[in-house]
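Computed from a predicted model, the values in this text were never measured in an experiment. Hydrogens, waters and symmetry mates play no part in the numbers below; they use all other heavy atoms, side chains included. Naming: A, B, ... by sequence-line order, numbering from 1 per chain.
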Amino acid sequence: MAKIAYYPGCALNERSSHLDRSARDATVKLGFELDELDTWTCCGAVPPVSEERVMNLIAPSRILKDVRDSGRDILITICDFCYNTLKRTNYSIKSDEITRKRVNAFLADDTPERDYLEKDDSLWEDYEGEVKVIHLMEYLRDELGYDKIAGSLEKPLKGLKIAPYYGCVMLRPQNEIQLDDPENPSIIEDFITALDARPVKYPYRTECCGSYLSVSNPDASTRLCYRILTSARNSGADAVVVSCPLCFYNLDSRQKAITEAYSDFKPVPIFYFTQLLSLALGVDCGRQGFEKHYVDVTPVLDKIGVSTGKGDE
Amino acid sequence: MSENMGLAPPKSPPILLTREVVNAGFKQQVNELSGQHMDACYQCGNCSSGCPLAQEMDILPNRIIRLVQLGQRDDIINSETIWICASCFQCTVRCPRGIDIQAVMDALRQIALDEGIDHFGPDQISPELAASVPQPGLVGVYRKLAT
Ligand code: SF4
Ligand code: SF4
């Protein structure tokens, strides 16, 4: 089975382990394996505030260089924050000579045995942005092909209406990310269609859910999530699909605060795209980590005739 | 929860324009840190109209840019806006003049943080939140809002 280098990132390693597990399950069904890097660190979640903070580029650069040094040129990641950070770091290394030199100077400094013990006499090779950072959904679209998914469904999600939610950093800034049109994207819609479900049109799919304001200003995030979810619900969505752990957290667990603040609010189940994918590919419902969700997903599963498997695990 | 849903922020107070203030080099500092050109902005307001957090701000994004052009450092670094901006890049994508307004917000945050005052400290987060928010939220908030 083909193995592709995979960077899970902190969230998937722990708090969003259900995103990680469903992704691994689904990709195995599709004939390739997410091969987690032997060693990795946090990528830093957000690229540096300005060029002056070159230190914030070091962790993601080291991750990328390790991938290159292991002889691979593609790195898959799933968390939108990791994707954004790794891809933009790679972009600045590739496109800006000064950044490239400064980052490599730090990285070279980082391997003391080279200087002091001379254990490693291989030629030092600057990291020049050789690795291609790919979002798992991008890999499914461009490398595997959505038609391959459509052809492997064991449990088509027929009859489900699903609202795609892009959020912010999966698509933007578009000149560096170049995943899809930042204002009129279709990558998630096409993904939903490939699972035989119907994508719902609503105006808030690329509107921010509050991101890290969830920590510093939770009320603001609650208001944003209320707008997004109500719009999706009013457009007929049975559920909302996301790929980012922070979007998931905001849209799912914040529904508690939304329900308290807005009497007209009706809960909307939230899914990771990998959960829908692995369900549709026939992976057991009990492996999806639905117990980690705040909003009950049973009404959606009932619609497609999947038993919740509660207590199965 | 405040009740200002759907309302535009209050009118900004009058500003004092003197040659000294305007020429004190604040705009140049922001240009340098952000890699953007403040003078490219022609005040169309597109950034503010698309900003999902505009309703929460005390100074709208386009006004921030205008105030930078006019060197109004104190008004800006004491504003709520720079801490409410969620770095979502909506403004950046929509600016017809190609200004990365998110980068400008980053630069302004950095200028404010360089004074040594954290906007959000570890003591301000509730234990339940700290135990449940996915790590990008935690790392992100401290990278953006603290030194
Ligand atoms: S969108 Fe650009 S040009 Fe228009 S007001 Fe905002 S910064 Fe200025
Ligand atoms: S990056 Fe900040 S200012 Fe720009 S649209 Fe998003 S929240 Fe508003």
Is there a side-chain contact between [X] and [Y] (heavy atoms, below 4.5 Å)?
X: B:F89; Y: A:C168; answer: no
X: A:R15; Y: B:L138; answer: yes
X: B:Q135; Y: A:E14; answer: yes

task = Begin from the C-alpha positions of A:V46 and B:K144 and carry the test side chain to side chain contact (heavy atoms under 4.5 Å, CB included) through to its verdict.
result = CA-CA 8 Å; A:V46 288; B:K144 292 276 185 178; 4.0 Å; yes
What part of [X] gets within 4.5 angstrom of chain B, counting heavy atoms only: side chain, backbone, both, or neither?
X: A:L246; result: both
X: A:S221; result: neither
X: A:C209; result: neither

Shortest non-hydrogen contact from [X] toward [Y]:
X: B:A86; Y: A:G210; answer: CB-O, 4.0 Å
X: B:L129; Y: A:S214; answer: CD2-O, 3.7 Å
X: B:P52; Y: A:L224; answer: O-CD2, 3.3 Å
X: B:G137; Y: A:Y212; answer: O-CB, 3.5 Å

Which portion of [X] sits near chain A, non-hydrogen atoms under 4.5 angstrom:
X: B:Q90; answer: both
X: B:S132; answer: both
X: B:C85; answer: backbone

message = Quick check for you: among A:Q174, A:E207, A:E183, which has the greatest number of heavy-atom pairs under 4.5 Å with chain B?
response =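 Highest number of heavy-atom pairs under 4.5 Å: A:E183.
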